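Below is one structure, written out as structure tokens; comments come after it.
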Number of protein chains: 2
Amino acid sequence: MSQARRPRLDVGALEEGVLAGDRAVLAQAITLVESRKGDHRVLARELLTRLAPRAGQAIRVGITGIPGAGKSTLIDGLGTLLTGRGHRVAVLAVDPSSERTGGSILGDKTRMDRLAMDPRAFVRPSPTRGTLGGVAARTRESMILCEAAGYDVIIVETVGVGQSETAVAQMTDVFVVLVIAGAGDQLQGIKRGVMELADLVAVNKADGDRAEAARAAAAEFRAAMRLLRGSEGAWRPEVLTCSALTGDGLEPLWERVRACLDALVAHGELALRRRRQTLRWLWQLVDEGLRARFDAHPGVGRLAPGIAAAVEAGTLPPTVGAERLLAAFAHPDGADERGAP
Amino acid sequence: MSQARRPRLDVGALEEGVLAGDRAVLAQAITLVESRKGDHRVLARELLTRLAPRAGQAIRVGITGIPGAGKSTLIDGLGTLLTGRGHRVAVLAVDPSSERTGGSILGDKTRMDRLAMDPRAFVRPSPTRGTLGGVAARTRESMILCEAAGYDVIIVETVGVGQSETAVAQMTDVFVVLVIAGAGDQLQGIKRGVMELADLVAVNKADGDRAEAARAAAAEFRAAMRLLRGSEGAWRPEVLTCSALTGDGLEPLWERVRACLDALVAHGELALRRRRQTLRWLWQLVDEGLRARFDAHPGVGRLAPGIAAAVEAGTLPPTVGAERLLAAFAHPDGADERGAP
């Protein structure tokens with residue numbers, strides 16, 4: 001960790017550096033926020049509390065897509081387009097798979113050639129350890145730091161690993177699903193439920209020989225989304241084509257991101273969406289914290305395996321199992337109120 | 001409540017009566033399970049623990065659809081078809097809206113003329129009070145009782161109220177979404193995410209003048225589902241038409257319910273799905289119980305409104321708010337560790 005090489009962590013200096021837009025200090029602040037050490041968490045809480053009021057001014061865009069859909073190339077092209085227009089772009093990632101592989105694929109700077117060299121861009125890989133909840137929490141906190149540092153476009157990317165798309169949709173304003181025209185008639189690799197989250201679907205690789213297939217796929221998606229997605233809220237999902245390779249369609253894609261945001265703002269939904277997201281996050285963290293205490297309780301630890309096995313086998317109703325576990329949790333000394341199931 | 005008119009609640013007698021398939025005793029047992037009184041809960045736990053090993057043999061079918069889609073008529077017709085074939089059919093409901101209206105619409109016997117008079121059927125309205133989680137838990141427990149009483153087909157119906165469809169999908173083997181051909185090109189009234197849960201989509205009211213429109217709608221749904229739903233698992237969702245009014249299509253509908261179940265069994269997914277459902281239910285109940293204790297904690301109660309408001313306003317990061325609340329919860333006497341945010 002980079003902290004080891006630094007003499008001290010001064011919250012005031014970090015705050016000042018982040019607010020000044022110093023990328024090295026921002027990187028150091030994110031490393032602090034990602035740390036699990038107790039004293040680092042205390043400093044991180046202090047830093048986040050100071051900077052939170054300075055965040056919230058950016059457009060937050062979530063982007064997902066299966067490996068091979070062209071996420072990195074698209075973000076590289078879109079980000080470069082935006083910095084060229086004067087925006088400051090931060091790219092963050094939620095990739096719980098990095099826990100297993102020992103390294104993060106998402107947000108890899110080497111996959112974003114232009115953006116990695118761009119002084120108006122900041123690319124940060126996914127935190128490399130932790131559960132999805134932990135990784136997502138660190139990314140949310142990094143977003144606060146990036147916004148305080150003056151980045152006005154935050155792109156959060158994720159690959160379809162379990163529930164990571166939902167986590168990203170719940171921390172962004174506009175959610176983009178990147179697909180490619182497949183050989184078959186199905187959404188290869190896209191998990192159930194992801195298309196439900198999309199504000200925009202972009203059919204990528206609409207270039208050369210593949211342009212026609214991409215347009216046909218877009219038309220099919222358009223019809224399917226119209227049928228299966230209601231018209232709840234201010235924005236009705238749209239489908240378009242683009243080529244991250246040639247850059248075609250990136251300007252229209254950004255234009256529709258803005259149109260979605262404008263529609264949300266006009267109907268008062270952006271503020272509502274963000275308030276809901278942030279409150280849901282608060283209570284989710286509370287639930288996770290409660291569960292961690294529960295799991296660490298010695299009485300619960302003794303009973304839980306037997307109760308879970310009996311419930312799984314169908315010999316104990318879940319309600320009864322839950323009530324027994326909660327009764328055990330109520331004893332601070334860890335003494336069992338009743339025997340094993 | 002009917003208990004008031006009865007001299008005592010004898011768990012042994014209830015167990016015996018339920019196992020003998022006595023409908024009056026089954027109804028009484030469900031009323032006990034639905035009760036929130038502490039002593040009733042103790043008896044209900046005991047009864048459920050005795051009967052759980054005798055449950056699990058039924059086919060569990062979830063059915064949802066917007067009001068007016070024809071759920072009651074369909075269940076009346078389908079249930080009568082099944083009792084005619086020798087099945088014993090129980091109809092349960094999850095309807096959290098009954099909390100607000102003071103009465104349950106779903107599972108209303110008067111809407112199921114034939115089934116309500118059928119000695120091989122048991123129709124039970126939704127519990128009329130409680131949160132979605134509570135209502136769903138009571139319905140799950142009632143399912144155990146019905147299965148122990150020898151009902152081999154359990155139909156759980158719900159109307160699209162918030163997350164009730166997910167709750168029903170998580171307690172059944174096969175989930176059927178009932179729709180009707182609409183005037184427009186959208187799924188009027190069906191909430192986002194519900195089509196993702198469907199194993200079968202039935203376009204109802206495919207009779208008379210409306211038959212052609214229903215068939216066209218089914219073809220559109222079929223194309224859309226093929227595109228937006230992956231081929232995860234053993235079963236690929238199907239779309240068909242039926243008329244609850246004339247009874248046309250009810251036999252094929254049941255045949256496809258069985259085909260779905262057979263596919264799940266053949267791939268070992270039924271057992272897996274049920275084990276997952278029951279374990280998820282256990283931990284969900286634990287989480288709800290923990291949260292109830294948390295909410296009842298005096299120190300938390302003092303801090304929570306201010307922290308939630310600060311988080312919602314964006315002046316306090318959710319992680320910091322959650323850590324403060326959890327710190328307050330750690331003090332059993334309710335003393336604040338720190339001041340308000």
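All values below come from the heavy atoms of this structure, side chains included, with hydrogens, waters and symmetry mates left out. What you see is a predicted model, and the numbers here were worked out from it, not measured in a lab.
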Atom pair CG (B:Leu32) and OG (B:Ser142), whose distance is rounded to the nearest 0.5 Å:
10.5 Å

Working to the nearest 0.5 angstrom, can you tell me the gap between A:Gln284 CD and A:Leu279 CG?
12.0 Å

Give the member of A:Leu325, A:Leu51, A:Val286, A:Ile144 that has the highest number of heavy-atom pairs under 4.5 Å with chain B.
A:Val286

Between A:Glu269 and A:Ala234 the two heavy atoms that sit nearest each other are OE2-N, 2.9 Å

Bottom line for A:Arg138: the part with an atom under 4.5 Å from chain B's heavy atoms is side chain

Should B:His40 and B:Val33 count as side-chain neighbours, where that means a heavy-atom distance under 4.5 Å?
no

Atom group of B:Arg276 that falls short of 4.5 Å from chain A, counting heavy atoms
neither

Between the side chains of A:Glu147 and A:Arg60, is the shortest nitrogen-to-carboxylate-oxygen separation below 4.0 Å, so that they form an ion pair?
yes

Chain B contact via A:Arg140 - side chain, backbone, both or neither, heavy atoms under 4.5 Å
neither

Turns out that what part of A:Glu141 lies under 4.5 Å from chain B's heavy atoms comes down to side chain

Measure distances from A:Arg50 to the heavy atoms of chain B and classify the residue's part below 4.5 Å as side chain, backbone, both or neither.
neither

Where A:Val194 and A:Val177 come nearest, the two heavy atoms and their spacing
CG1-CG2, 4.0 Å

When rounded to the nearest 0.5 angstrom, what distance separates CG in B:Asp199 from CG in B:Asp173?
9.5 Å

I need the residue from A:Thr315, A:Leu48, A:Thr319 with the largest number of non-hydrogen atom pairs under 4.5 Å to chain B.
A:Thr319

One thing to verify: whether B:Arg291 and B:Asp295 come together as a salt bridge, which I'm taking to mean a side-chain N less than 4.0 angstrom from a carboxylate O.
yes

For chain A, which of B:Glu46, B:Arg41, B:Gln277, B:Arg54 has the most heavy-atom pairs under 4.5 Å?
B:Arg41

Is B:Glu288 close to chain A through its backbone or its side chain, or both, or neither, when contacts mean heavy atoms under 4.5 Å?
neither

Side chain, backbone, both or neither: which part of B:Glu323 has a heavy atom under 4.5 Å from chain A?
side chain

Engaged part of B:Leu290 at the chain A interface, taking heavy atoms whose separation is under 4.5 Å
both

Part of B:Arg274 lying under 4.5 Å from any heavy atom of chain A
neither

